[in-house]
Amino acid sequence: MTAPSDVGIEPAEQPPDAQTGSSRSVQPSLGEAVYAARREAYMKTIGSRAVAVIHSPPQSVRNGDVLFPFRQSSDLHYLTGFSEPETTLVLRPGAEKARIVMFVRPRDSKRETWDGRRAGVEGAKERYGADQAYPVAELDKRLPELLANIDELYYSLGLNPAFDQTVAAIIAKLRLSEKKGRRPPRAVVDPRLVLHEMRLRKAPDELTLMGRAVEISIEAHIAAMRQARPGMTEYELEALINFIFRKNGATGPGYSTIVGAGDNGTILHYTENSCTLGENELVLIDAGCEYQSYTADITRTFPASGRFSEAQRRVYEIVLETQKSAIEMTRPGITIDDIHKHCVENLTAGMIALGLLEGSVEERIEDKTYKRFYMHRTSHWLGMDVHDVGAYTNDGTPRPLESGMIITIEPGLYVAADAKNVPAEFRGIGIRIEDDILVTDAGHDNLTAGAPKEISDIETTCASSQFDVL
Ligand code: GLY
Ligand code: MN
Ligand code: MN
């Protein structure tokens, strides 16, 4: 495994804030050179006749005057390290001047008193690599000239309807000036194809951040195993996990933390976390922190009491053996579909052995009845987004894994509390085991191997003293 310390990155310099002299202004998480190199690589691929426009997502109202916390678009963050809303990045590989243009919120001491610090136009140029930067209010006026007479506009239609309208209006406006020699782009191309291929293969600096996200998340899972007791609530465990994320400098969870006790563990995206842990229940925790915009994604399932019952043990061992053998087969050249097929076969054999299904493995896969107990896919890409970007197929054919990709491997078995025609002892058992696997030249590294998953290791961890949260 690539240990976090293996690949050194210098933290970005902390220059004083342009206007206030404060050293507290937000900095890019990696050195500016990292983002510059990414931009150059991207611009080289799209070519000198193209311009890319990448826009941050709109801020969303939670309720009343309260907004949801803003999270920068991963694409925009990947190319700039800039985390503020209302940002548009324009990359112009063929331009002589102003190849990198940013539209940002301008400095505004009144607004900053209310909403927080801004890098502003100067900050965008000084710290985020913009050759030119303008206040966001100037976008409508300036973007048309940046898009005139290029061949391809790399812009993601359909993600942000309001900004789609802005782009459409610019194209319409440029059509009006064709006679004067200012024409609109000839084609609109999805910028994500190239960019997401870049993001799919993790560079050493990204593996360092992933390594830290994983390390913090493992600490949180171990703490939850140590702390959990029958009578505790799911939300107490959620609070403990999220506390450990923040205590270690993570932004928080990379996705909503799932803590499901008993049959809540059979609900795949259970996030209410509102129940009490029962005496003989398993607890399924699917939680990973986001550290510097990279997220871990780990699931562990353990007994609230610290000891697996016989029925729980039988189901757990099937999922565990399936997961371990799936990890073992991971190497360049095989596909996520190969891994999924292996898991479906193993789990279906396990369902028959447990008496959840009858007949042969082939029959139950053929008629898809295995989906009663294993209804999701086994793997997804992992990185800046928990379900990270990148094509899963080449025109419908599963793509082979390559070194530098990170996938999850997360088989499970879920027997609903009211499942018909199954042995009663298995009802209400939900188990998933999920690790984050880096594909390497030699095969793979299990980045999350430090989170206990062998039955004996889980029982030892659960029996160890409570985690000292402060
Ligand atoms: N935590 C979401 C997932 O496992 O895919
Ligand atoms: Mn996952
Ligand atoms: Mn997960």
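Counting starts at 1 for both ligands and their atoms, in listed order. This is a predicted model, so every value here is computed, not measured. Side chains included, hydrogens not; waters and symmetry mates left out as well; all remaining heavy atoms used.
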task: Could you see which bit of Thr408 sits under 4.0 Å from ligand 1, with heavy atoms only: side chain, backbone, both or neither?
output: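 It is neither part, as no heavy atom is under 4.0 Å.
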- request: Between Glu410 and ligand 1, find which residue part has any heavy-atom pair under 4.0 Å and reply side chain, backbone, both or neither.
  value: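 The answer is the side chain of Glu410.
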field: Pairwise side-chain contact, Glu345 with Tyr370, heavy-atom cut-off 4.5 Å (strictly under)
entry: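 They are not in side-chain contact.
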- request: Check whether any N, O or S atom of His380 sits under 2.8 Å from the Mn ion (ligand 2).
  value: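 Checking the Mn ion (ligand 2) against His380, an N, O or S atom does fall under 2.8 Å.
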Determine whether the side chains of [X] and [Y] contain a donor N or O and an acceptor N or O closer than 3.5 Å.
X      : Y      : result
Asp190 : Ser156 : yes
Tyr155 : Asp164 : yes
Asp338 : Thr335 : yes

message: For Phe163 and His55, take the angle between the two ring planes, folded into 0 to 90°, and tell me which bin it lands in: parallel under 30, tilted 30 to 60, perpendicular over 60.
response: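 Answer is parallel, since the angle falls under 30°.
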query: Has Glu434 got an N/O/S atom less than 2.8 Å from the Mn ion (ligand 3)?
result: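 So Glu434 counts as coordinating the Mn ion (ligand 3), yes.
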- prompt: Any ion pair linking Arg229 and Glu236 (charged N to carboxylate O, less than 4.0 Å)?
  reply: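 No.
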query: Is the shortest side-chain N to carboxylate O distance from Glu197 to Arg201 below 4.0 Å?
result: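 Yes, Glu197 and Arg201 are salt-bridged.
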- prompt: What residue and heavy atom of the protein are closest to atom 3 (C) of ligand 1, and at what distance?
  reply: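 Ranked first by proximity to atom 3 (C) of ligand 1 is Asp297 OD2, 3.4 Å.
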task: Return the residue, atom name and 0.1 Å-rounded distance of the protein heavy atom closest to atom 5 (O) of ligand 1.
output: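 The closest one turns out to be His387 NE2, 2.7 Å.
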For Glu434, the ligand 1 atoms whose distance to one of its heavy atoms is below 4.0 Å: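 In order of number, 4 (O).
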message: Restricting to N, O or S, what is the name of the atom of Glu410 that lies nearest the Mn ion (ligand 2)?
response: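 Restricting Glu410 to its N, O and S atoms, the minimum distance to the Mn ion (ligand 2) goes to OE2.
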- prompt: Given atoms OD1 of Asp297 and OD2 of Asp286, what angle do they subtend at the Mn ion (ligand 3), to the nearest 10 degrees?
  reply: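 If I round to 10°, I get 150°.
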